[in-house]
Colleague: 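Attaching a single structure in structure tokens format; questions to follow.
Values below: every heavy atom of this structure, side chains too, minus hydrogens, waters and symmetry copies. Keep in mind that this is a model prediction, so the values were computed, not measured.
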Amino acid sequence: MKTGFTILLVCSLNILLCSCPYSSPHKLDDNPGINVDEGLLGKWAAVMKINGSGREEPVKLILSKKTETEYNIAFTGYLDPLKPFHVIKADSVKGTAFMSLIGDKQLMNITIRSDVYIAELKYTNHTLSLLPLSEHFTSKMIFNNTALRNAVEFHYKTRVRPMYDEDFCLTGLVRVN
């Protein structure tokens with residue numbers, strides 16, 4: 001009886017841990033160094049398909065200028081997948097972000113509360129995609145900003161398809177009023 005409970009507990013923890021975007025107290029750069037891209041500022045919206053249900057729910061990303069090198073970032077709309085992480089206040093998730101470059105990839109360091117999430121930003125054909133790295137993109141322990149940068153660089157150099165957390169990817173965002 002006890003082994004059955006242990007197996008159930010381990011499987012449940014495995015599912016919980018596998019469905020998280022990567023977060024850490026560390027950033028890709030010590031300080032923001034890339035100026036805010038004025039073309040990214042504004043409201044962006046997309047419709048997310050809810051896994052398993054076939055339902056579609058709206059999600060909105062709002063980017064505004066905080067400083068010359070930092071963004072204010074907010075997510076509104078369907079945020080139920082974020083509820084277990086206790087980051088939702090009222091009807092939105094708010095934080096700050098700044099851009100980093102690794103090779104030819106633009107990555108956002110998104111700070112929500114004290115956690116930093118790393119997400120690749122793609123802007124093509126007037127659509128925006130925000131693709132957060134999966135919790136398992138590296139098996140190394142990250143102790144500082146340099147180690148995080150090295151791990152992300154290594155990940156992009158050695159993977160044909162980077163490990164994104166599919167449940168949290170926002171793809172096909174289009175500009176709205």
Colleague: For His26 and Leu148, which heavy atoms make the closest approach, and how far apart are they?
Modeller: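 Looks like O-CD2, 3.4 Å.
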Colleague: Indicate if Ile110 and Val152 have the same hydrophobic cluster label, given that clusters are the connected sets of ILVMFWY residues with side-chain heavy-atom separations under 4.5 angstrom.
Modeller: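 No, separate clusters.
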Colleague: Distance to the ring centre below 6.0 angstrom and angle to the axis at most 45 degrees; does that hold for Lys140 and Phe154?
Modeller: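 Cation-pi check for Lys140 and Phe154: passes.
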Colleague: With the side chain counted from C-beta on, respond yes when Leu170 and Val59 share a heavy-atom pair under 4.5 Å apart, and no when they do not.
Modeller: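 In contact.
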Colleague: Are Ile112 and Leu131 joined in one hydrophobic group, where the rule is that I, L, V, M, F, W and Y side chains link up if heavy atoms are under 4.5 Å apart?
Modeller: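 Not linked; separate clusters.
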Colleague: Would you compute the distance between atom CE of Met48 and atom SG of Cys169 and round it to the nearest 0.5 angstrom?
Modeller: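 Result: 9.0 Å between the selected atoms.
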Colleague: Could I get the full list of side chain to side chain donor-acceptor pair (under 3.5 Å) partners for Asn144, not counting sequence neighbours?
Modeller: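 Listed in chain order: nothing, the list is empty.
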Colleague: Mind checking ring-ring contact (aromatic ring centres under 6.0 Å, His included) for Tyr156 and listing every partner two or more places apart, or none if nothing turns up?
Modeller: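 Tyr156 satisfies ring-ring contact (aromatic ring centres under 6.0 Å, His included) with no other residue.
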Colleague: Of all heavy-atom pairs between Pro21 and Glu135, which one has the smallest distance, and what is that distance?
Modeller: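 Minimum heavy-atom contact is O-OE1, 3.2 Å.
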Colleague: Do Thr111 and Tyr117 have side chains that approach each other closer than 4.5 Å (heavy atoms only, starting at C-beta)?
Modeller: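 A side-chain contact is absent here, since even the closest heavy-atom pair is not under 4.5 Å.
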Colleague: Could you measure the distance from the OG1 atom of Thr146 to the CG atom of Asp30? Nearest 0.5 Å is fine.
Modeller: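 Those atoms lie 6.0 Å apart.
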Colleague: Evaluate the side-chain proximity of Asp37 to Met99: yes if any heavy-atom separation is below 4.5 Å, no if none is.
Modeller: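 Side-chain contact under 4.5 Å: no.
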Colleague: For residues Ile118 and Leu61: do they belong to one hydrophobic cluster (side chain heavy atoms under 4.5 Å, members Ile, Leu, Val, Met, Phe, Trp, Tyr)?
Modeller: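 Different hydrophobic clusters.
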Colleague: Taking it one step at a time, do Ile62 and Ile73 satisfy side-chain contact (heavy atoms from CB on, under 4.5 Å)?
Modeller: CA-CA 6 Å; Ile62 304 167; Ile73 189 167; over 6 Å; no
Colleague: If a pair satisfies side chain to side chain donor-acceptor pair (under 3.5 Å) and one of its residues is in residues 121-133, list it, with sequence neighbours excluded.
Modeller: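 For residues 121-133, and leaving out neighbouring residues, there are no side chain to side chain donor-acceptor pair (under 3.5 Å) pairs at all.
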Colleague: Inspect the surroundings of CD in Glu38 and state if more than 12 heavy atoms from other residues, nucleotides or ligands are less than 6.0 Å away.
Modeller: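 Buried by this count: over 12 neighbours within 6.0 Å.
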Colleague: To the nearest 0.5 angstrom, please state how far the CZ atom of Phe168 sits from the CZ atom of Phe75.
Modeller: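 Between atom CZ of Phe168 and atom CZ of Phe75 there are 11.0 Å.
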Colleague: At their closest point, which heavy atom of Ile142 faces which heavy atom of Tyr22, and how far apart are they?
Modeller: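 Heavy-atom minimum between the residues: CG1-OH, 3.4 Å.
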Colleague: Any side-chain heavy atom of Phe98 sitting closer than 4.5 Å to one from Met108?
Modeller: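 The answer is no, as the side chains (C-beta and beyond) never meet within the 4.5 Å cut-off.
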Colleague: Look up atom CG in Leu101 and atom CD in Gln106, then write down how far apart they are to the nearest 0.5 Å.
Modeller: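 Between atom CG of Leu101 and atom CD of Gln106 there are 6.0 Å.
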Colleague: With rounding to the nearest 0.5 Å, note down the distance linking NZ in Lys66 to OG1 in Thr96.
Modeller: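 Taking NZ in Lys66 and OG1 in Thr96, the distance rounds to 5.0 Å.
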Colleague: If you measure from OG on Ser134 to CD on Glu166, what distance do you get to the nearest 0.5 Å?
Modeller: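 Interatomic distance, Ser134 OG to Glu166 CD, rounded to 0.5 Å: 9.0 Å.
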Colleague: Going by distance alone, is a donor N or O of one side chain under 3.5 Å from an acceptor N or O of the other, for Asn35 and Thr69?
Modeller: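 Side chains of Asn35 and Thr69: no pair found under 3.5 Å.
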Colleague: Counting only heavy atoms not in Lys65 (residues, nucleotides, ligands), do more than 12 fall under 6.0 Å from its NZ?
Modeller: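 More than 12 within 6.0 Å, yes.
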Colleague: Heavy atoms, side chains only, cut-off 4.5 Å: are Tyr164 and Leu133 in contact?
Modeller: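 Side-chain contact under 4.5 Å: yes.
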Colleague: Closest heavy-atom contact between Leu41 and Ser64?
Modeller: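 That closest heavy-atom pairing would be CD2-C, 3.7 Å.
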Colleague: Within a strict 4.5 Å, meaning less than it, do heavy atoms of the Leu121 and Leu40 side chains meet?
Modeller: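 SC-SC contact between Leu121 and Leu40 confirmed.
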Colleague: I want to check something: taking the side chain as every heavy atom from C-beta on, are His155 and Met163 in contact at a cut-off of under 4.5 Å?
Modeller: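 Yes - at least one pair of side-chain heavy atoms lies under 4.5 Å apart.
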Colleague: Work out which heavy atom in Leu28 is nearest to a heavy atom in Asn109; give both atom names and the distance.
Modeller: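 Shortest heavy-atom contact: N-OD1, 2.8 Å.
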Colleague: Would a single hydrophobic cluster contain both Ile34 and Leu63, if residues Ile, Leu, Val, Met, Phe, Trp and Tyr are joined by side-chain heavy-atom contacts under 4.5 Å?
Modeller: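 As far as the 4.5 Å side-chain criterion goes, Ile34 and Leu63 are connected within one cluster.
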Colleague: State plainly whether one hydrophobic cluster holds both Leu128 and Tyr71, where clusters connect Ile, Leu, Val, Met, Phe, Trp and Tyr through side-chain heavy atoms under 4.5 angstrom apart.
Modeller: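 Cluster IDs for Leu128 and Tyr71 match.
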Colleague: Work out which heavy atom in Glu70 is nearest to a heavy atom in Pro32; give both atom names and the distance.
Modeller: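 It is CG-CG, 3.8 Å.
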Colleague: Would you say the side chain of Arg149 lies within less than 4.5 Å of the side chain of Ser100, judging by non-hydrogen atoms?
Modeller: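 Side chain of Ser100 against side chain of Arg149, heavy atoms only: contact under 4.5 Å found.
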